[in-house]
Amino acid sequence: MNKLLLILMIGIFVAGCHENSKAMDYKAMRKKMVETQIRSRGIVNTRVLRVMGNVPREKFVPEGYKPLAYEDGPLPIGEGQTISQPYIVAYMTEKLEPKTSDKVLEIGTGSGYQAAVLSKLVKEVYTIEIVAPLGEDAKKLLKRLGYKNIFVKIGDGYRGWKENAPYDLIILTAAPPRIPEPLLEQLAEGGRLLAPVGDISQELVLIRKTNGKFVRESLLPVRFVPMTGEIQKENN
Ligand code: SAH
């Protein structure tokens, strides 16, 4: 009887160690990712670096991809969509210059990872996903992980989310051929909009709204999934 109890206790101890080491591995992998993929490529915003080192990316990728969660690239999240490369998430977040008082609109919730990163740097994140199962999953996950300032809506982001406009920051993580007009209208004075724009060849575009005028800056060539829905019909 005692022997059985001992074996049971050893079993529990070993399982506990295993769980711990798994958790520690992710933390170490995250730290390494920040150093080798993000800081080394010129991201300097300390708040962004800190959040990238805290948000558990492995929770936002499908089960089989968890060991690859801290690799230097995008990963599939189902429905033909992807979670962006960590460096790109950090780069875009830094370019938005997020402030704790900011209200943010994201088009393309996907896994919810970019929204989670932003939520730790701003007041509120409103995020829209057109593929219902992805949006539902992200909503559940973000709730489970305790993110309280992220609001997920299923729908086409083309028309934005008027009820909560204007937004200090707007980020698109799916690429439209050109920036939807309703999104520009929902940008606050002094606000910034960041979007990958184009088809096969895309560029990351930053738009600043100053004194009612939009100033456009091209940042770098990128590759995102295309924005679907109304913008595609508008094209034909
Ligand atoms: N930000 C995501 C990356 C998502 S990939 C993350 O951190 O995981 C881009 C997402 O945009 C996809 O999930 C795609 O379904 C969504 N999308 C494409 N067109 C859209 C539209 N018109 N409105 C809202 N979401 C859209």
Side-chain angles (χ1 to χ4, degrees), residues 26 29-30 32-34 36-43 45 47-49 51-62 64-98 104-122 125-131 133-135 137-139 141-142 145 147 150 152 157 169-176 179 183 192-206 218-228:
Y26 283 129
M29 283 155 89
R30 204 148 53 230
K32 190 168 166 220
M33 169 193 82
V34 170
T36 60
Q37 300 174 33
I38 297 175
R39 200 195 296 271
S40 63
R41 289 192 179 121
I43 305 296
N45 184 318
R47 294 174 71 228
V48 174
L49 291 168
V51 171
M52 292 299 296
N54 283 336
V55 177
R57 193 169 188 264
E58 76 277 6
K59 300 254 169 46
F60 293 85
V61 302
Y65 287 103
K66 290 191 191 301
L68 303 178
Y70 296 99
E71 294 293 308
D72 190 13
L75 288 172
I77 54 170
E79 310 283 339
Q81 306 302 327
T82 54
I83 177 171
S84 306
Q85 179 191 14
Y87 168 67
I88 287 291
V89 173
Y91 180 87
M92 289 176 82
T93 307
E94 183 174 66
K95 281 290 169 191
L96 284 169
E97 299 169 42
V104 184
L105 175 67
E106 179 192 32
I107 310 301
T109 315
S111 67
Y113 178 69
Q114 173 75 73
V117 168
L118 279 167
S119 78
K120 293 290 176 192
L121 299 163
V122 302
V125 178
Y126 294 85
T127 179
I128 308 176
E129 172 56 52
I130 201 166
V131 177
L134 286 179
D137 282 355
K139 198 178 199 166
L141 178 67
L142 291 164
L145 297 178
Y147 293 91
I150 305 178
V152 183
L169 310 174
I170 299 181
I171 176 171
L172 284 77
T173 62
I179 296 172
L183 298 182
R192 291 170 293 285
L193 180 151
L194 191 57
V197 180
D199 261 302
I200 297 159
S201 109
Q202 302 164 4
E203 56 179 6
L204 194 62
V205 169
L206 179 68
S218 288
L219 299 176
L220 79 166
V222 285
R223 206 186 164 118
F224 278 79
V225 295
M227 185 172 183
T228 57

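The analysis underlying the following values was restricted to heavy atoms, covering all of them including side chains, and did not include hydrogens, waters or symmetry mates.
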Residue pairs passing the side-chain hydrogen bond (donor to acceptor under 3.5 Å, both in side chains) test with at least one member in residues 75-89, sequence neighbours excluded, are D72-Q85
Contact summary for [X] and [Y], nearest pair of heavy atoms:
| X | Y | value |
| --- | --- | --- |
| G73 | P86 | O-CD, 3.7 Å |
| A138 | S111 | CB-O, 3.8 Å |
| M52 | A90 | CG-CB, 4.0 Å |
| N45 | E94 | N-OE2, 2.8 Å |
| P67 | M29 | O-CE, 3.5 Å |
| V61 | K66 | O-NZ, 3.1 Å |

Mind checking the [atom1]-[atom2] spacing from [X] to [Y]? Nearest 0.5 Å is all I need.
| X | Y | atom1 | atom2 | result |
| --- | --- | --- | --- | --- |
| L141 | K59 | CG | NZ | 8.5 Å |
| I170 | L183 | CD1 | CG | 5.5 Å |
| T109 | I128 | OG1 | CD1 | 7.5 Å |
| L193 | I107 | CG | CD1 | 9.0 Å |

- Message: For Y113 and F60, take the angle between the two ring planes, folded into 0 to 90°, and tell me which bin it lands in: parallel under 30, tilted 30 to 60, perpendicular over 60.
- Response: perpendicular
Can you check side-chain contact (heavy atoms from CB on, under 4.5 Å) on V222 and M92, steps first, answer last? CA-CA 11 Å; V222 285; M92 289 176 82; over 6 Å; no
Okay, side chain of [X], backbone of [Y]: is any donor-acceptor separation there less than 3.5 Å?
| X | Y | result |
| --- | --- | --- |
| Q37 | V34 | no |
| R41 | Y91 | no |
| R39 | L49 | no |

Across all chains, not counting sequence neighbours, the side chain to side chain contact (heavy atoms under 4.5 Å, CB included) partners of I150 are A115, S119, V125, T127, L142, Y147, V152
Residues at least two apart in sequence or cross-chain that pass side chain to side chain donor-acceptor pair (under 3.5 Å) with T93, listed by chain then number, are Q114
* To do: Show the numbers, then the answer: is there a side-chain contact (heavy atoms from CB on, under 4.5 Å) between R57 and I83?
  => CA-CA 9 Å; R57 193 169 188 264; I83 177 171; 3.8 Å; yes
Tell me every residue that passes salt bridge (Lys or Arg N to Asp or Glu O under 4.0 Å) with [X], counting only those two or more places apart in sequence or in another chain.
| X | answer |
| --- | --- |
| E58 | R30 |
| R192 | none |
| E71 | none |

### Message
I want to check something: taking the side chain as every heavy atom from C-beta on, are Y65 and P76 in contact at a cut-off of under 4.5 Å?
### Response
yes
Handout entry: Minimum side-chain heavy-atom gap F224-L172 below 4.5 Å
Key = no
Next on the checklist: Between N54 and K120, is the side-chain contact (heavy atoms from CB on, under 4.5 Å) condition met? List the steps.
Outcome noted: CA-CA 10 Å; N54 283 336; K120 293 290 176 192; over 6 Å; no
- Task: Show your working on side-chain contact (heavy atoms from CB on, under 4.5 Å) between L118 and L96 and close with a plain yes or no.
- Result: CA-CA 10 Å; L118 279 167; L96 284 169; 4.1 Å; yes
Per side-chain contact (heavy atoms from CB on, under 4.5 Å), K95 is matched among L220, I171, L204, L194 by L194
